[in-house]
Amino acid sequence: MRKLTNRILIISSGFLILTIGISYFLYNLSETNYLGCATEIPQNFCGTVSPSLSENATEGKKIFNINCAACHKLDKKMTGPALRGINNKGEFPYENYVFDFITKEDSLNKINDKYTKILNEEYNYDFNHNFTMTKTEFEYLMDYVK
Ligand code: HEC
């Protein structure tokens with residue numbers, strides 16, 4: 001009779017330990033695999049585009065990715081020059097030069113603008129920027145590349 005009680009005791013404590021072990025394992029599993037809104041990985045999980053960009057800059061990023069990213073990066077020269085901080089470079093011929101360059105490079109070429117000419121010679125790539133873009137879209141874009 002004592003032997004049987006002992007055996008039941010051993011088996012049930014074994015069972016108990018096993019249950020605790022499995023629960024702990026499952027608990028850990030759910031901890032690591034569950035992605036809530038506050039989790040960092042993956043980024044953009046809850047519909048954010050990029051947490052550090054303002055609304056306007058996010059619009060600018062869209063415009064950039066659609067129209068410019070094929071040839072430009074922000075921080076690295078590609079087909080065209082790196083565009084980070086482009087509007088603050090302060091070496092352009094006049095104030096709205098960057099807007100004019102992006103929307104009507106043709107006309108800058110036509111009037112033989114010196115800066116445009118030098119830039120075109122430097123890059124030697126046959127592409128003229130004649131994008132249709134409103135001032136607002138331009139501002140968004142500059143917000144993104146600033
Ligand atoms: C097909 C390639 C291509 C695309 C697309 C393109 N660029 Fe360019 N970009 C160039 C090249 C090449 C240059 C160098 C000058 C030149 O050849 O016109 C340049 C020059 C520039 C410059 C002058 C930089 C400086 O140092 O003065 C600006 C500003 C610029 N691009 C903005 C843009 C923006 C904004 C877009 C998108 C709306 C865009 N580019 C799309 C190729 C491209």
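Scope of the values below: all heavy atoms of this structure, side chains included, with no hydrogens, waters or symmetry mates. Just follow the structure's listing: the first ligand is 1, and inside any ligand the first atom is 1.
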Taking both backbone and side chain into account, is any N, O or S atom of Cys71 nearer than 2.8 Å to atom 8 (Fe) of ligand 1?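 Cys71 does not place any N, O or S atom closer than 2.8 Å to atom 8 (Fe) of ligand 1.
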
Below 2.8 Å, can you find an N, O or S atom of His129 next to atom 8 (Fe) of ligand 1?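 So His129 does bind atom 8 (Fe) of ligand 1 by this criterion.
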
Does the [X] side chain pair with the main chain of [Y], one donor and one acceptor, at a distance under 3.5 Å?
X      : Y      : value
Asn96  : Phe99  : no
Glu121 : Ile118 : no
Thr134 : Glu137 : yes
Asp113 : Asn109 : no
Asn87  : Val98  : no

Which option, Gly60, Pro81, Cys68, Gly80, owns the non-hydrogen atom nearest atom 37 (C) of ligand 1?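 Among Gly60, Pro81, Cys68, Gly80, the closest heavy atom to atom 37 (C) of ligand 1 belongs to Cys68.
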
Just by distance, no angles: are the side chains of Asp100 and Tyr94 close enough, under 3.5 Å, to form a donor-acceptor pair?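 Result is yes, a qualifying pair exists.
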
Please work out, at 4.0 Å between heavy atoms, whether the side chain, the backbone, both, or neither of [X] comes within that distance of ligand 1.
X      : answer
Glu122 : neither
Tyr125 : both
Phe64  : neither
Phe131 : side chain
Leu83  : side chain

Among protein heavy atoms, which lies nearest [atom], and at what distance?
atom                    : result
atom 12 (C) of ligand 1 : Thr79 O, 3.4 Å
atom 23 (C) of ligand 1 : Leu119 CD2, 3.4 Å
atom 21 (C) of ligand 1 : Phe101 CE2, 3.3 Å
atom 17 (O) of ligand 1 : Asn120 OD1, 2.9 Å

Hey, what do you get for [atom1] ([X]) to [atom2] ([Y]), rounding to the nearest 0.5 Å?
X      : Y      : atom1 : atom2 : result
Lys146 : Glu139 : NZ    : CD    : 10.5 Å
Tyr140 : Ser54  : OH    : OG    : 9.5 Å
Met78  : Tyr125 : CE    : OH    : 9.5 Å

What atoms in ligand 1 come closer than 4.0 Å to a heavy atom of [X]?
X      : answer
Leu141 : 35 (C)
Ile102 : 32 (C), 35 (C)
Ile86  : 24 (C), 25 (C), 26 (O), 29 (C)
Lys89  : 25 (C), 26 (O)
Glu105 : 18 (O)

For Tyr97 and Phe101, take the angle between the two ring planes, folded into 0 to 90°, and tell me which bin it lands in: parallel under 30, tilted 30 to 60, perpendicular over 60.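 Judged by the thresholds at 30° and 60°, the geometry between Tyr97 and Phe101 is tilted.
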
Assign the ring pair His129 / His72 to parallel, tilted or perpendicular, where the plane angle (0 to 90°) is split at 30° and 60°.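 The rings of His129 and His72 sit tilted, inter-plane angle from 30° to 60°.
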
Verdict with reasoning, Tyr144 to Leu83, per side chain to side chain contact (heavy atoms under 4.5 Å, CB included): CA-CA 10 Å; Tyr144 173 57; Leu83 290 187; over 6 Å; no

Taking distance alone, with no angle check, do Tyr115 and ligand 1 share an N/O pair under 3.5 Å?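 Yes, Tyr115 has an N/O under 3.5 Å of an N/O on ligand 1.
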
Does ligand 1 come near enough to Asn67 that some N or O of the ligand is less than 3.5 Å from an N or O of the residue?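 No; every N/O pair is 3.5 Å or more apart.
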
